[in-house]
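Residue numbers start from 1 in every chain, and the chains themselves are labelled A, B, ... in the order their sequence lines are given, proteins ahead of strands.
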Amino acid sequence: MENKTVADIFSEIADILDIQGENPFRVRSYRNASRTISDLSQSLEALVRAGKDLEEIPGIGKSIGEKIREILSTGKCGLLEELRSRVPAGLTELLKLEGLGPKKVKVLFEELEVDSVDRLEKAARAGRLRNLPGMGLKTEEKILKSIEHYRAGMGRFKLSVGFQFADALLRYLEGTPGVKRLDPAGSFRRRRETIGDLDILATCGKGCRVMDRFTAYGEVAEVLARG
DNA sequence: GCCA
DNA sequence: CAGTACG
DNA sequence: TGGCCGCTACTG
């Protein structure tokens with residue numbers, strides 16, 4: 001199991017504890033542990049196998065050390081399961097929105113039964129946020145912006161992933177008779193860190209069947225329209 | 001929660 | 001000013 | 001047992 005997996009578990013634990021209004025320092029401990037673990041150069045599994053004492057890692061004490069062993073051996077964490085069952089699933093997702101922390105998420109849920117990004121958007125559009133304590137017109141608008149930004153970002157993937165895919169696709173299209181040029185375009189060509197789609201500019205002679213060949217590509221799941 |  | 005989010 | 005980041009940055 002990867003360290004990242006373990007780190008994510010502690011991160012989620014921190015999020016839920018935070019929403020529940022738990023002791024901030026306890027929450028921070030889980031956050032610290034999560035960061036420490038994901039930054040760790042060696043794998044936890046290797047350390048355990050080598051008989052190392054996990055508590056020697058700074059920020060990891062008895063409790064978290066035990067949980068790490070639990071996660072490594074069972075693949076699950078009892079505490080997290082417990083916490084999840086006590087809190088609506090969508091709430092941790094709300095924390096990812098810029099400008100929304102645990103306090104506001106808690107209020108939104110308790111006052112407006114907001115337990116998802118979708119419901120949050122509806123409430124904001126209806127102007128129901130501005131009355132809540134600690135929020136005004138500004139925050140309402142800011143939240144709508146955050147939702148927009150969030151949705152724009154979630155359908156995206158890392159450039160490295162897109163590159164492999166695009167590379168295969170380009171090689172495939174190269175074999176099409178009549179094609180003069182194939183050029184990557186858009187955010188992919190500009191080497192952005194993440195991209196939402198692959199733009200490919202194909203220049204070809206009259207009557208070239210490049211689109212036929214493209215829609216016939218093996219990994220095309222569905223053709224919505226063409227031309 | 002972890003640490004001194 | 002106090003509360004909250006954030007790096 | 002008690003402390004735990006901030007001449008923060010921003011909002012209401």
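- Here A:Ser34 pairs with A:Ala7, A:Phe10, A:Ser11 under the side-chain contact (heavy atoms from CB on, under 4.5 Å) rule; sequence neighbours left out.
- Judged as a salt bridge (Lys or Arg N to Asp or Glu O under 4.0 Å), the pairs with a partner in residues 118-128 of chain A (not counting sequence neighbours) are, in order, A:Asp115-A:Arg119, A:Asp118-A:Lys122, A:Asp118-A:Arg151, A:Glu121-A:Arg125, A:Glu121-A:Arg151.
- A:Arg35 pairs by the side-chain contact (heavy atoms from CB on, under 4.5 Å) definition with A:Asp39, not counting sequence neighbours.
- Pairs of residues two or more places apart, or lying in two chains, that qualify as side chain to side chain donor-acceptor pair (under 3.5 Å) and include a residue from residues 45-66 of chain A are A:Ser63-A:Lys67.
- When heavy atoms are screened at a 4.0 angstrom cut-off, A:Ile57 is found touching the sugar-phosphate backbone but no base atom.
- Contacts between chain A and DNA chain D, taken as any atom within less than 4.0 angstrom of a protein heavy atom, begin and end at D:dC4 to D:dG12.
- Distance CD1/A:Ile9 to SG/A:Cys77: 6.0 Å, rounded to 0.5 Å.
- Sequence neighbours left out, the pairs with a member in residues 93-111 of chain A that pass side chain to side chain donor-acceptor pair (under 3.5 Å) are A:Glu93-A:Tyr150.
- Using a 4.0 Å cut-off on heavy atoms, none of the residues of residues 60-82 of chain A approach DNA chain C.
- Judged as a salt bridge (Lys or Arg N to Asp or Glu O under 4.0 Å), the pairs with a partner in residues 68-85 of chain A (not counting sequence neighbours) are, in order, A:Glu12-A:Arg84, A:Glu82-A:Arg86.
- Using a 4.0 Å heavy-atom cutoff across all strands shown, A:Pro58 reaches sugar-phosphate atoms only and no base atom.
- Interface residues of residues 99-131 of chain A facing DNA chain C, ordered by number: A:Gly99, A:Leu100, A:Gly101, A:Pro102, A:Lys103, A:Lys104; criterion, heavy-atom separation under 4.0 Å.
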Revision key, fill the gap. Given Watson-Crick and G-U pairs under 3.5 Å, DNA chain C in dot-bracket ([ ] crossing, | other strand) is |||||||
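- For A:Glu140, the side-chain contact (heavy atoms from CB on, under 4.5 Å) partners are A:Ala124, A:Leu129, A:Arg130, A:Leu137, not counting sequence neighbours.
- Considering only residues two or more places apart in sequence or on other chains, A:Arg31 meets the side-chain contact (heavy atoms from CB on, under 4.5 Å) condition with A:Ala14, A:Asp15, A:Asp18, A:Val27.
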